[in-house]
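Proteins get letters first, then strands, A, B, ... in listed order; numbering begins at 1 in each. Computed from a prediction, not measured in an experiment: that's the story for all the values here.
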There are 2 protein chains.
Amino acid sequence: MPEPLYRQIAEHLRTRIDRGELRPGEQLPSEADLEEEFGVSRNTVRLAVAALANEGLIESRAGRGTFVRERRTITVLQSTEPQGIPLGPKDVFKSALEREGVVPEQDNFRMEFRRATPEVAARLQIEEGEPVVVRRMDRFVDGERWSQQESFYPKDIAEGTELMSPEDIPRGTVRVLAENGYVQTGFRDEINCRMPTREEAAFLGSPPGAPVLEIFRVAYSGERPIRLTITVYAGDSTQVAYEIGDVSARGESGRGSRDRETG
Amino acid sequence: MPEPLYRQIAEHLRTRIDRGELRPGEQLPSEADLEEEFGVSRNTVRLAVAALANEGLIESRAGRGTFVRERRTITVLQSTEPQGIPLGPKDVFKSALEREGVVPEQDNFRMEFRRATPEVAARLQIEEGEPVVVRRMDRFVDGERWSQQESFYPKDIAEGTELMSPEDIPRGTVRVLAENGYVQTGFRDEINCRMPTREEAAFLGSPPGAPVLEIFRVAYSGERPIRLTITVYAGDSTQVAYEIGDVSARGESGRGSRDRETG
DNA sequence: AAGTGGTCTAGACCACGGG
DNA sequence: CCGTGGTCTAGACCACTTC
């Protein structure tokens with residue numbers, strides 16, 4: 001049994017992309033062209049194209065054509081200070097982005113009350129269904145949707161503090177928590193890689209075949225968890241980094257081409 | 001324009017899975033059944049099924065049927081000691097796995113000489129094309145393929161040391177490097193989330209719709225990078241974690257259900 | 001108007017897996 | 001053997017984009 005036709009066609013196109021004959025942003029031959037070139041039916045062509053789309057290599061736009069995807073990657077350098085405020089007066093996202101010349105935008109800030117889902121309850125060490133304060137926002141880079149973030153606070157910690165305000169807090173919630181007696185002493189990050197839910201795909205504008213990168217950060221103040229932050233990034237345009245110990249040697253010499261650094 | 005038929009069908013099946021009417025491991029109705037249930041052609045049914053498969057929700061096996069995917073997640077707790085040897089005499093993978101009762105297996109150990117690709121050269125701060133020593137292995141958990149790992153050493157560092165041996169080094173290469181004057185003083189981890197290459201999918205047995213999680217760890221010894229380790233995990237069954245500072249409060253109370261911890 | 005991809009039908013033959 | 005999904009054909013109509 002030979003390789004199925006649609007995979008042969010996919011392989012052929014993949015090779016042309018890998019070799020650089022089809023560069024990022026360039027248009028692939030139309031489905032009609034491919035039918036003729038390979039002498040197959042349109043459905044077979046579409047199977048081949050779908051396979052590449054699911055690998056994240058290409059992207060079809062109705063009425064326009066099919067194009068090789070271009071991706072830049074943004075590196076998010078995570079804080080590795082137990083206190084979580086290593087980068088100056090603003091929050092990590094803003095200050096580090098500005099340092100690197102990327103235009104940061106936050107939008108759709110919202111404050112909500114919810115009941116803890118099992119996922120949230122387990123990480124905050126509270127009971128499922130207990131009230132929590134949620135502060136959420138969307139983030140954009142160069143006008144494109146990039147990440148969604150939600151922070152969960154146990155109600156007793158947020159109550160009576162600035163955390164209840166329905167506005168963004170420019171100086172950062174780590175500071176607000178500290179001012180209220182909850183000095184952050186450490187955190188745990190859990191990083192997942194998965195396909196987006198429909199809602200996430202809709203927000204991020206992910207084509208089929210684009211995964212998301214999800215980070216759970218639980219911040220602790222000595223004896224208890226004080227905050228859970230869940231961030232969902234467009235996976236294939238984001239990289240997260242951690243630096244531990246002495247990495248002073250880094251960055252002196254040639255590093256990956258078009259990467260941008262972010263915090 | 002209403003929602004396309006195949007998406008309506010996908011949505012219907014998704015709901016049945018979310019509600020628990022179709023549990024992990026259970027078989028979906030056959031394509032013939034779905035044709036009849038929704039009064040559509042087989043191709044339309046297949047579009048719906050393909051959509052769910054690409055979200056990683058279900059998996060089809062030829063001749064058998066289509067099933068709801070079951071996934072356990074293994075948490076890899078990354079070392080956060082600059083020296084990189086926090087967990088005892090064995091390497092991180094083994095000791096932590098044993099601690100948690102997961103059966104670890106390493107296989108297909110190989111040592112190779114190669115020339116640095118641009119990716120490797122940039123991170124090791126050497127020139128593209130310079131010779132590097134590569135030590136690679138595959139890892140299995142409970143008999144299932146789980147990750148692929150390659151470590152790259154500049155040739156001048158590896159030369160004349162145990163790193164050139166074509167055998168696994170049970171006490172860990174961090175120790176070997178230290179014994180040869182390259183004490184690790186820090187590292188940088190870069191974490192990516194993407195769709196697998198065909199080779200990776202073949203090795204990991206990933207169905208369409210399963211992303212991979214890729215970690216680049218560059219270890220430094222004061223003035224220079226001494227090792228680059230690239231690990232590729234089956235993304236949707238792996239979580240990586242970092243703990244910084246005091247997280248002693250963690251783990252005392254209910255944590256995520258069926259997770260297993262690993263390091 | 002012409003070209004693109006998106007959706008859908010109604011067939012067909014095949015390989016694989018399990019009784 | 002029969003039921004499953006895998007591959008493939010040859011049509012059709014549609015919406016959207018570009019000119």
Side-chain angles (χ1 to χ4, degrees), chain A residues 1-14 17 22 25-69 198 201-202 205-210, chain B residues 1-14 17 22 25-69 198 201-202 205-210:
Chain A
M1 219 88 344
E3 191 79 348
L5 279 175
Y6 79 93
R7 275 196 234 159
Q8 292 179 38
I9 297 168
E11 181 57 32
H12 179 268
L13 293 172
R14 206 177 349 243
I17 293 169
L22 287 166
E26 269 188 57
Q27 185 167 7
L28 272 69
S30 72
E31 295 180 352
D33 290 344
L34 294 172
E35 283 183 61
E36 202 176 342
E37 178 176 354
F38 295 98
V40 298
S41 75
R42 186 169 168 215
N43 279 346
T44 300
V45 167
R46 284 184 63 78
L47 275 180
V49 168
L52 296 183
N54 287 329
E55 290 171 24
L57 267 182
I58 63 177
E59 184 177 353
S60 296
R61 277 167 287 184
R64 307 274 309 281
T66 302
F67 302 83
V68 180
R69 284 185 68 191
R198 286 185 319 307
S206 323
Chain B
M1 222 90 341
E3 191 79 346
L5 278 175
Y6 79 93
R7 275 197 234 159
Q8 292 178 39
I9 297 168
E11 182 55 33
H12 180 267
L13 293 171
R14 202 175 357 239
I17 293 168
L22 287 167
E26 270 187 56
Q27 185 167 8
L28 272 70
S30 73
E31 294 180 352
D33 290 343
L34 293 172
E35 283 184 59
E36 202 176 341
E37 178 176 352
F38 295 98
V40 298
S41 75
R42 185 168 168 218
N43 280 346
T44 300
V45 167
R46 283 182 64 78
L47 275 180
V49 167
L52 296 182
N54 287 330
E55 291 171 24
L57 266 182
I58 64 177
E59 185 177 353
S60 296
R61 276 167 286 185
R64 306 272 310 281
T66 302
F67 302 83
V68 181
R69 284 186 68 192
R198 287 186 318 306
S206 323

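With hydrogens and angles left out, the side chain of B:Arg64 and the base of D:dG3 share no donor-acceptor pair within 3.5 Å. Side-chain N/O atoms of B:Arg61 and base N/O atoms of D:dG6 include no donor-acceptor pair closer than 3.5 Å.
Between D:dC8, D:dG6, C:dG6, one nucleotide has an atom nearer to the side chain of A:Arg46 than all others, and that is C:dG6.
Of the possible donor and acceptor atoms, one in the side chain of A:Asn54 sits under 3.5 Å from a partner among the backbone N and O of A:Ala50. No donor-acceptor pair closer than 3.5 Å links the side chain of B:Glu3 to the backbone N or O of B:Glu11.
Residue B:Glu36 qualifies as open at atom CD: its count of foreign heavy atoms under 6.0 Å is 12 or below.
Rounded to whole angstrom, the span from the CD atom of A:Gln27 across to the P atom of D:dT17 amounts to 14 Å. Between the CG atom of B:Leu47 and the P atom of C:dG5 there is a distance of 16 Å, given to the nearest Å. Computed from coordinates, the A:Glu31 CD to D:dT9 P distance equals 14 Å when rounded to whole Å. Atom P of nucleotide D:dC8 and atom CD of A:Glu3 are separated by 10 Å, given to the nearest angstrom. Atom-to-atom, CD1 of A:Ile9 to C1' of D:dT9 comes out at 13 Å; the value is rounded to the nearest Å. Rounded to whole angstrom, the span from the CG atom of A:Asn43 across to the C1' atom of C:dT7 amounts to 10 Å. A:Phe67 places its CZ atom 12 Å from the P atom of D:dT17, with the value rounded to the nearest Å. Summarising the geometry, the separation between CG on B:Asp33 and P on D:dT4 is reported as 6 Å, rounded to the nearest angstrom.
Comparing B:Ala32 and A:Tyr6 by the nucleotide of DNA chain D whose heavy atom lies nearest to each, the residue mapping closer to the 5' end is B:Ala32.
For C:dT4, the OP1/OP2 oxygens have a side-chain nitrogen or oxygen of A:Ser30 closer than 4.0 Å. Distances shown here put every side-chain N or O of A:Ser60 at or beyond 4.0 Å from the OP1 or OP2 atom of C:dT4. Checking the phosphate oxygens (OP1, OP2) of D:dT7, no side-chain nitrogen or oxygen of B:Arg42 falls inside 4.0 Å. For D:dT7, neither phosphate oxygen OP1 nor OP2 lies less than 4.0 angstrom from any side-chain nitrogen or oxygen of A:Thr44. Dashed line: the shortest gap from a side-chain N or O of B:Ser41 to OP1 or OP2 of C:dA10 is not under 4.0 Å.
Residue contacts shown for B:Leu5 are limited to sugar-phosphate atoms, with no base heavy atom under 4.0 Å away. Among the heavy atoms of the strands, none lies under 4.0 Å from B:Val49.
Salt bridge A:Arg14/A:Glu55: present, at least one basic N to carboxylate O contact under 4.0 Å.
For the pair B:Phe67/B:Glu26, no side-chain contact is recorded, criterion being any heavy-atom separation below 4.5 Å from C-beta on.
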